[in-house]
Asks: 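Submitted below is the structure of interest, expressed as structure tokens.
Since the model is a prediction, treat every value here as computed from it, not as a measurement.
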Amino acid sequence: MKISAKAEYAVRAAVELAAASGDKPVKAERLATAQDIPLNFLENNLGELRHAGVVRSQRGAEGGFRLARPAEEVTIADVIRAVDGPLASVRGGPPEQVTYSGAAEPLTNVWIAVRASLRTVLERVTLAELAADKLPAHVRKLAEDPEAWITR
């Protein structure tokens, strides 16, 4: 899986919102500075996150952004889907809609398994867990595996 800069920036901004203390909206400039994200890029991301119902915005001098739901209810998958669409696609469509013939026929099941594997991490890690540095045990275990750190 390739994580786009757009998705990575969106997740970082959303985690920053989850970590923000209080109920006051956070200005885009503060998010951009805190995470070293280009402001124009971030503003576009925040617009997409707002449109998807992940964040809400408030105008005015006291305005800014906040999560639309409690951080415990927003997953990394929610954020990625808001800015990049489905977690896994094959030629731009869902894996279950791709069919192959001959020896490649089982490949559809491989793509579906890849999507399921992504979901076991991205749909089960919330912004609250990230902000508190308390990843679920199954995610920590995967990340602690030395093989996971080897680039191939």
Asks: Enumerate donor-acceptor pairs with a distance under 3.5 Å from any side-chain N or O in residues 50-58 to protein atoms, sequence neighbours excluded.
Replies:
from	atom 1	to	atom 2	distance (Å)
Q58	OE1	R66	NH2	3.0

Asks: A20 and V26: which non-hydrogen atoms are nearest, and at how many Å?
Replies: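 Minimum heavy-atom contact is CB-CG2, 3.6 Å.
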Asks: Test: side chain to side chain donor-acceptor pair (under 3.5 Å). Region: residues 69-87. Which pairs qualify, not counting sequence neighbours?
Replies: S4-D84, R69-D78, T75-D78, R81-E123
Asks: At their closest point, which heavy atom of A14 faces which heavy atom of V79, and how far apart are they?
Replies: CB-CG2, 3.9 Å
Asks: Taking it one step at a time, do L31 and L46 satisfy side-chain contact (heavy atoms from CB on, under 4.5 Å)?
Replies: CA-CA 10 Å; L31 295 171; L46 289 168; 4.2 Å; yes
Asks: Find the distance between CH2 (W111) and CZ (R91) and round it off to the nearest 0.5 Å.
Replies: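 These two atoms lie 10.5 Å from each other.
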Asks: Please say whether more than 12 non-hydrogen atoms of neighbouring residues, nucleotides or ligands are located less than 6.0 Å from NZ in K134.
Replies: no
Asks: Determine whether F41 and K6 make a side-chain contact, defined as any pair of heavy atoms from C-beta on separated by less than 4.5 Å.
Replies: yes
Asks: Nearest 0.5 Å, what's the OG-CG distance between S117 and L122?
Replies: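 Result: 9.0 Å between the selected atoms.
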Asks: Backbone N or O of E29 within a donor-acceptor pair of the T33 side chain at under 3.5 Å?
Replies: yes
Asks: Quick one: closest heavy-atom pair of I112 and P95, and the distance?
Replies: CG1-CB, 3.8 Å
Asks: For a quick test of reading the model, state the closest non-hydrogen atom pair linking A88 to L118 and the distance between them.
Replies: CB-CD1, 4.1 Å
Asks: In this structure, are over 12 heavy atoms from other groups packed under 6.0 Å from R119 atom CZ?
Replies: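 Yes, the 6.0 Å shell around CZ holds more than 12 heavy atoms from other groups.
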Asks: What's the separation between atom CZ in F65 and atom CZ in R30, rounded to the nearest 0.5 Å?
Replies: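 These two atoms lie 13.5 Å from each other.
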Asks: Evaluate L130 against L135 for side-chain contact (heavy atoms from CB on, under 4.5 Å), listing each step before the verdict.
Replies: CA-CA 6 Å; L130 277 172; L135 296 177; 3.7 Å; yes
Asks: Which pair of non-hydrogen atoms, one from E48 and one from A82, has the smallest distance, and what is that distance?
Replies: OE1-O, 3.8 Å
Asks: Using a strict threshold of under 4.0 Å (side-chain N to carboxylate O), is an ion pair present between R115 and E96?
Replies: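 Yes.
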Asks: Please step through side-chain contact (heavy atoms from CB on, under 4.5 Å) for the pair L42 and Y9, ending with a clear verdict.
Replies: CA-CA 7 Å; L42 179 61; Y9 287 166; 5.6 Å; no
Asks: Apply the side-chain contact (heavy atoms from CB on, under 4.5 Å) test between E129 and each candidate in D133, V125, L127; give the one that qualifies.
Replies: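 That would be V125.
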Asks: Among the clusters formed by ILVMFWY side chains lying less than 4.5 Å apart, do V83 and L39 turn up in the same one?
Replies: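 Per the 4.5 Å side-chain linkage, V83 and L39 are not co-clustered.
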Asks: Roughly how far, to the nearest 0.5 Å, is the CE atom of M1 from the CD1 atom of I80?
Replies: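 One gets 4.5 Å once the value is rounded to the nearest 0.5 Å.
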Asks: Do the side chain of W149 and the main chain of A143 share a donor and acceptor less than 3.5 angstrom apart?
Replies: yes
Asks: Determine which pairs satisfy side chain to side chain donor-acceptor pair (under 3.5 Å) with at least one residue from residues 139-148, sequence neighbours left out, and list them in order.
Replies: E147-R152
Asks: Is a donor on one side and an acceptor on the other found under 3.5 Å between the side chain of H138 and the backbone of T120?
Replies: yes
Asks: Mind listing the closest non-hydrogen atom pair of L87 and A77 along with its distance?
Replies: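 So the two residues come closest at CD1-CB, 4.0 Å.
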